[in-house]
Amino acid sequence: MKTRITELLGIEYPIIQGAMAWIAEHHLAAAVSQAGGLGIIAGGAAPVEVIREEIHKARALTDKPLGLNIMLLSPNADDLAQLAIDEHIEVVTTGAGNPGKYMAAWKQAGIKVLPVVASVALAKRMERAGADAVIAEGMEGGGHIGESTTMALLPQVVDAVSVPVVAAGGIADGRGMAAALLMGAEGVQCGTVFLATNECQISDKYKELVLKASDISTVVTGRPSGHPVRALKTPLTRKCLELERVPSDQTLEELEAATAGSLRKAVQDGNYEEGTFMSGQIAGMLTELRSCEDVLHTMTESAETLLKTAFDRFR
Ligand code: TUI
C-alpha cells in the first residue's frame, strides 16, 4: 500500500508503532521496522545513555528506518532531541507538547519530524514550523490524551493542513485502518495492538490484563493535574479517581506520590496493585498474542480488501 507516508518514511506498510514509555524498546521497535512498518523507540523520561544503547541494539537487529519519540514533558527532552541528531535517527515523533524549539535543528539534520497533535490549532502550528506530517491522536488511545475523539479530530486536521496526516487512537485492525484512510489519513499509528505481540517485552501480567480487557476496561485519571492518562482499570486507578473527586493541594500530592514510577511497576514488575497499565480503548478487541509481522500484514491486507469491496456491500 503506497501513500505519502510510506514514501516519506521509506516503509512498506503505512503503520507506525506508537511510542510507549518503558515499553517501546529495541526488541519491539526493531521487529516492527524489520517487518516493514516504522518502529519507534520511546525516549520517555529515560537517561540519554539508556536510549542511546536502545538505538544501538535496534540498529543491530534491523537496517530499516527507525524512529525516536521525544516526550516533551521529560526533563531530558533537550538531550534526547540532540541524541536523535547524533545517532542519525531517520524519524522523530513527539508527544505531550509543542516541539517548535527543536524543529529547525531536526530539519537541518535531515530528520523527518511527525509531531503528535490533539487539536487542529497545534496541527496548523506544526505545519508552519516545518513538520513533514502530523499524527492526529484521539482520546480513545492509551496514555496521555487530549479531549477529542479520533472520529471527530481526524477529518478536521485533514482539512486544516496540507502535509500528510497519520491517524492514531482506537485503531487495531483493518476496519479501523480503512476508516482512517477513508477520512483522509495516509497512515495509522497504533500502540495498544503492539502490547499483545510476542516481541513486546512487558510483564506477563500486563499482557494478561490487555488480553482480558473488554470495551469498557479503561478509565481516564489525572484530569485535575492537567495530564489525563488512559489506563486499564486497576486498584490504583480506582484510588486515583477517589482522590480526584475533591481535588485539593493535599490530594494532588497524594496522587503524585501514588502514581510516580507506577508505569514502570506495571511494565517491569507486573505489579497489579501499584502499577499503571496504560492502554487504549481498543484493548477489548485483542484476544491473542501475535507477531508484529502478522499485525502489520493482516491489518493492511484487511484494510485493502475492505476498501476494494466497500461499494459492493451497499448495492
Ligand atoms: O504523549 C502521548 N502519550 C503519552 S505521554 C506519556 S508519559 C506521561 N505520563 C503521565 C502524564 C503525562 C505524560 C504517556 N502517554 N501521546 C501524544 C499526545 N500528545 N497526546 C496528547 C498530546 C498533546 C496534548 C497537548 C500534545 C500537545 C498538547 O498541547 C501542546 C501545546 O502547547 O499546545
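Whatever order the structure lists them in is the order used to number ligands and atoms, beginning at 1.
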Ligand-side contact atoms (ligand 1) for residue partner Val229, heavy atom cut-off under 4.0 Å: 10 (C), 11 (C)
Flag for Ser291-Asn198: side-chain donor and acceptor within less than 3.5 Å: no
Protein contact to atom 26 (C) of ligand 1 [nearest heavy atom, distance to 0.1 Å]: Gly97 N, 3.4 Å
Exercise: do Glu87 and His56 side chains pair donor with acceptor under 3.5 Å: yes
Proximal candidate to atom 33 (O) of ligand 1 [heavy atom criterion; set Arg125, Met20, Met71, Met126]: Arg125
From Val161, Thr94, Leu122, residue fulfilling side-chain contact (heavy atoms from CB on, under 4.5 Å) relative to Val117: Leu122
Distance-only donor-acceptor check, side chains Asp86 and Gln82, under 3.5 Å: yes
Shared hydrophobic cluster, Leu286 / Val295 (ILVMFWY, side-chain heavy atoms < 4.5 Å): yes
Side chain, backbone, both or neither: the part of Leu73 lying under 4.0 Å from ligand 1 by heavy atom: side chain
Distance from atom 17 (C) of ligand 1 to nearest protein heavy atom, with residue and atom: Val116 CG1, 3.2 Å
Ligand 1 contacted by Ala21 (non-hydrogen, < 4.0 Å): no
Under 3.5 Å: N/O of Ala96 near N/O of ligand 1: yes
Atom 9 (N) of ligand 1: nearest protein contact (heavy atom, Å): Met278 CE, 4.0 Å
Residue Gly143 vicinity, atoms of ligand 1 by number, heavy atom under 4.0 Å: 14 (C), 15 (N)
Contact atoms of ligand 1, heavy-atom distance to Leu122 under 4.0 Å: 27 (C), 30 (C)
Thr62 versus Gln34, side-chain donor and acceptor atoms under 3.5 Å: yes
Distance-only side-chain donor-acceptor flag, Arg290 / Thr197, under 3.5 Å: no
Nearest neighbour in protein (non-hydrogen) for atom 24 (C) of ligand 1: His144 NE2, 4.0 Å
Nitrogen or oxygen atoms of Glu137 and ligand 1 under 3.5 Å apart: yes
Atom of Ala180, atom of Val188 and distance for their closest heavy-atom approach: CB-CG1, 3.9 Å
Nearest-contact summary for atom 31 (C) of ligand 1 - protein heavy atom, Å: Asn98 CB, 4.3 Å
Contacts of type side chain to side chain contact (heavy atoms under 4.5 Å, CB included), residue Glu274, not counting sequence neighbours: Lys265, Asn271
